[in-house]
There are 4 protein chains.
Amino acid sequence: MAQLQKSIDKRTALLKATLQLVNSGGIQGASMAKIAKAASISPATIYLFFSSKQELLNQLYLSVKSSFTQAAFVNYAEDISLEKRFKTIWHQMVHYKLKHPEEASFLSQCDNTPMIDDQTRQEGLLFLAPLFDLWKEGISKGVIKNSSPYLLYAHSIYPMAFLMNINSKDLCTADENILNESFQMAWDSIKA
Amino acid sequence: MAQLQKSIDKRTALLKATLQLVNSGGIQGASMAKIAKAASISPATIYLFFSSKQELLNQLYLSVKSSFTQAAFVNYAEDISLEKRFKTIWHQMVHYKLKHPEEASFLSQCDNTPMIDDQTRQEGLLFLAPLFDLWKEGISKGVIKNSSPYLLYAHSIYPMAFLMNINSKDLCTADENILNESFQMAWDSIKA
Amino acid sequence: MAQLQKSIDKRTALLKATLQLVNSGGIQGASMAKIAKAASISPATIYLFFSSKQELLNQLYLSVKSSFTQAAFVNYAEDISLEKRFKTIWHQMVHYKLKHPEEASFLSQCDNTPMIDDQTRQEGLLFLAPLFDLWKEGISKGVIKNSSPYLLYAHSIYPMAFLMNINSKDLCTADENILNESFQMAWDSIKA
Amino acid sequence: MAQLQKSIDKRTALLKATLQLVNSGGIQGASMAKIAKAASISPATIYLFFSSKQELLNQLYLSVKSSFTQAAFVNYAEDISLEKRFKTIWHQMVHYKLKHPEEASFLSQCDNTPMIDDQTRQEGLLFLAPLFDLWKEGISKGVIKNSSPYLLYAHSIYPMAFLMNINSKDLCTADENILNESFQMAWDSIKA
DNA sequence: CATGAATGAGATTTCATTCAT
DNA sequence: AATGAATGAAATCTCATTCAT
């Protein structure tokens with residue numbers, strides 16, 4: 001049991017070290033040697049947990065995506081209006097990204113790199129199922145535009161990434177007002 | 001004069017070669033050696049035009065961004081309604097991205113890589129001045145929401161990138177209907 | 001007693017696994033980790049039986065050489081003509097190599113690798129004693145050329161390896177005729 | 001011209017360094033780093049001449065094989081008896097191997113390693129064409145056994161490798177007498 | 001006795017960049 | 001101005017071996 005725990009800890013330490021290194025120097029900057037050193041293990045040991053750098057990054061992607069969506073869908077009550085439910089999810093997403101800038105930045109960096117497999121990306125999308133269901137319900141109720149979930153995502157969720165980006169670069173501070181404005185735009189774009 | 005022309009041609013050839021290589025193998029895959037070979041010059045010669053790989057990529061970024069925005073703002077008549085002017089710009093942007101997938105993909109890849117300097121990114125935004133002016137006009141006329149241009153951009157232009165991404169991966173075909181739906185969402189999000 | 005048997009079984013499994021792995025991927029391809037996995041034991045356990053990879057290979061060499069020569073000298077009757085006795089041995093050797101291509105290939109691979117110690121190679125030659133005795137007898141009877149057994153071996157036995165090699169690469173099929181021709185050459189080369 | 005010469009020299013130095021290292025420590029022992037150091041260049045520079053370690057070894061194989069066969073077929077007069085011509089070739093081969101033990105040992109090590117491609121091995125065989133022609137002539141004249149050249153090779157040339165092996169290990173000194181005996185065996189095995 | 005976990009050392013290969021010409 | 005040659009440094013990954021349990 002102690003052994004298993006140690007193993008899990010090491011895996012976690014590896015994922016964490018990778019996250020930080022990608023954050024500070026990009027995917028290129030996160031070399032296996034640096035990751036190993038940051039996790040206080042030998043480079044060779046990484047390969048006991050992940051068969052390649054690609055797999056390490058893909059696993060990290062899924063891990064972060066999972067953590068992100070879990071935060072997004074917490075406190076999810078079905079007994080309130082659809083708009084309010086969407087608003088809750090949206091704000092929880094933003095809140096997560098503001099509170100975990102490393103995770104947010106990592107996910108952004110993954111958006112357009114060939115290091116993340118298409119299949120892994122697909123798996124990552126599955127975590128969004130509750131949101132997709134919400135939209136489906138909204139469409140059937142005539143509250144949401146009858147469009148592909150991809151389109152709804154592109155216009156109501158994807159803009160967050162840009163917002164976080166410029167926020168982290170001090171071009172624009174994501175204060176309460178800004179966030180409310182942004183949510184309003186998101187909602188306006190998808191509401192029927 | 002002939003000398004100067006030859007110099008410009010080489011620079012152009014370098015930028016083009018880089019664009020294609022980044023497109024087919026990611027930024028990592030575009031090594032200086034490959035770029036040199038694709039442009040039919042010596043690796044050493046690259047450094048007569050660009051002081052480093054970073055600068056080459058930054059210059060390419062500005063070049064593509066410029067080409068993109070030029071296409072976006074062509075046929076720009078001031079005598080039609082503001083919505084129609086925005087619609088024209090929006091569709092011309094989409095049209096450019098569909099017609100120049102390499103450029104579109106390159107810009108996407110640049111969105112979150114540390115290879116592009118913040119300063120260069122800023123310069124790139126300047127090309128969007130006409131759009132920002134349009135929004136300012138719209139705001140003063142009460143047609144556009146009174147928000148930061150960053151927010152307006154995040155919600156009405158940035159979603160395109162996602163759309164192009166999934167289009168290129170065959171998850172969703174960007175046909176006429178989809179584009180119209182997407183524009184509607186963009187407009188709904190920013191209109192007052 | 002059961003313990004001892006289990007120990008012997010493991011040793012045998014290790015040798016077998018090594019043989020197969022060397023056969024399919026060369027000596028380089030047979031890593032200790034793969035050998036362990038193929039023999040269903042832990043890498044660390046190998047070192048309870050063999051002090052190093054070198055020793056494992058050397059032991060395997062002796063084991064295969066022993067098995068090969070045992071097959072060669074079976075049914076060895078002293079009451080027939082010397083040529084017929086040699087012919088029997090020769091054909092039994094060929095037969096063994098054709099029937100056990102993994103063993104044959106392994107021995108070939110060992111011929112010129114520094115992984116096999118000179119001393120072990122010497123020990124391997126001892127298994128050929130009956131053949132050397134036969135030659136000594138032949139020499140004294142004036143039936144065999146009065147040469148060093150090394151020379152006799154080089155010309156009458158060693159060529160088999162080449163034959164098996166090209167047979168396994170489909171350059172030449174070792175059918176009945178070919179084998180008879182080859183034996184005739186072997187005999188012609190050493191007969192007085 | 002000076003540049004070209006320097007390039008050729010470096011290639012030659014690389015081949016030579018590889019030959020020596022393979023000779024002293026086996027193919028495994030000849031790491032690219034050691035080869036580079038022995039040739040007094042950077043590891044990266046090797047790849048300007050050979051695209052991989054495999055190719056380096058294959059090229060070396062062809063180079064040595066070519067040098068070996070050139071030595072074998074020098075002073076080749078057509079106006080003497082077929083047996084004498086064969087004898088000349090045979091002795092020149094032996095002479096080369098005795099004088100160039102590193103080359104001889106390298107060729108032996110190549111016999112059974114997967115690092116040498118089948119195709120390269122085939123190319124290597126082409127160098128033996130004059131010998132194969134000689135045999136063909138001998139067969140048609142009824143002087144040589146009517147067998148496949150592979151068989152003739154296996155019994156008259158291949159034994160040399162074994163001889164050189166044990167010679168280099170002081171098991172048996174390849175003096176004049178031994179060589180004459182060995183040639184006699186080679187000839188007896190293939191003569192009609 | 002047996003092992004899963006761990007690793008230091010080293011393997012091959014790549015790359016952005018420089019330098020002599 | 002232009003370059004082919006060259007490279008130091010670093011990348012990913014492997015392997016024979018050990019050790020705490």
Side-chain angles (χ1 to χ4, degrees), chain A residues 2-4 6-7 10-11 27-36 39-56 115, chain B residues 3-4 6-7 10 27-37 40-57 115, chain C residues 3-4 6-7 10 28-37 40-57 115, chain D residues 2-4 6-7 10-11 27-36 39-56:
Chain A
Q3 197 49 256
L4 177 59
K6 247 172 51 181
S7 194
K10 238 169 238 180
R11 208 189 109 103
I27 288 181
Q28 293 201 52
S31 74
M32 295 303 256
K34 280 188 200 160
I35 292 170
S40 303
I41 59 173
S42 158
T45 308
I46 301 182
Y47 292 86
L48 297 181
F49 297 89
F50 307 97
S51 64
S52 69
K53 185 177 179 181
Q54 272 227 29
E55 208 202 291
L56 167 55
M115 290 291 287
Chain B
Q3 264 313 334
L4 178 59
K6 247 174 45 180
S7 195
K10 255 179 213 172
I27 288 182
Q28 294 201 48
S31 73
M32 295 300 259
K34 281 188 201 161
I35 292 170
K37 182 171 284 182
S40 305
I41 62 174
S42 158
T45 308
I46 300 183
Y47 291 85
L48 300 180
F49 295 88
F50 306 96
S51 66
S52 69
K53 185 176 179 182
Q54 272 227 26
E55 207 201 292
L56 167 54
L57 286 172
M115 292 290 291
Chain C
Q3 267 310 338
L4 178 59
K6 248 171 50 180
S7 194
K10 254 177 213 173
Q28 295 201 50
S31 73
M32 295 300 258
K34 281 188 201 161
I35 292 170
K37 182 172 285 182
S40 305
I41 62 174
S42 159
T45 308
I46 301 183
Y47 291 84
L48 299 180
F49 295 89
F50 306 98
S51 66
S52 70
K53 186 177 179 181
Q54 272 228 27
E55 206 201 293
L56 166 54
L57 285 172
M115 292 290 290
Chain D
Q3 196 48 255
L4 178 59
K6 247 172 50 181
S7 195
K10 238 171 235 179
R11 207 189 110 103
I27 288 182
Q28 294 201 52
S31 75
M32 295 302 257
K34 281 189 201 161
I35 293 170
S40 304
I41 59 174
S42 157
T45 308
I46 301 183
Y47 292 85
L48 298 182
F49 298 88
F50 307 98
S51 65
S52 69
K53 186 178 179 181
Q54 272 228 29
E55 207 202 291
L56 167 55

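In what follows, chains are A, B, ... by sequence order, proteins preceding strands, each numbered from 1.
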Base, sugar-phosphate, or nothing: which does C:Ile46 touch, judged by heavy atoms less than 4.0 Å apart? nothing
Once you round it to whole Å, what is the distance between [atom2] of [N] and [atom1] of [X]?
| X | N | atom1 | atom2 | answer |
| --- | --- | --- | --- | --- |
| B:Leu57 | E:dA16 | CG | C1' | 12 Å |
| B:Ile35 | E:dA16 | CD1 | C1' | 10 Å |
| B:Phe50 | E:dA16 | CZ | P | 15 Å |
| B:Lys37 | F:dA5 | NZ | P | 12 Å |

Spacing of [atom1] belonging to [X] relative to [atom2] belonging to [Y], to within rounding of 0.5 Å:
| X | Y | atom1 | atom2 | answer |
| --- | --- | --- | --- | --- |
| A:Leu48 | A:Ile41 | CG | CD1 | 8.0 Å |
| C:Ile35 | C:Leu57 | CD1 | CG | 6.5 Å |
| B:Met32 | B:Lys37 | CE | NZ | 15.5 Å |

Which pair of non-hydrogen atoms, one from [X] and one from [Y], has the smallest distance, and what is that distance?
| X | Y | answer |
| --- | --- | --- |
| B:Glu55 | B:Phe49 | OE2-O, 4.4 Å |
| B:Ala36 | B:Ser42 | CB-C, 3.8 Å |
| B:Ile46 | B:Leu56 | CG2-CD2, 4.4 Å |

Going 5' to 3' through nucleotides 14-21 of chain F and flagging B where a protein heavy-atom sits under 4.0 Å of the base, S where only the sugar-phosphate is that close, and - otherwise, we get BBSBBB--
Which residue, C:Lys10 or A:Ile41, contacts DNA chain E at a nucleotide closer to its 5' end, judged by nearest heavy atom? C:Lys10
Looking at B:Ser31, is its backbone amide N or carbonyl O close enough to the side chain of B:Lys53 to form a donor-acceptor pair, meaning the two atoms are under 3.5 Å apart?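 A pair under 3.5 Å: no.
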For DNA chain F, the expected dot-bracket line (Watson-Crick or G-U under 3.5 Å, [ ] crossing, | inter-strand) is .||||||||||||||||||||
Considering only side-chain heavy atoms of C:Thr45, which listed nucleotide, F:dT3, F:dA5, E:dT3, is closest?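 So the side chain of C:Thr45 is nearest to E:dT3.
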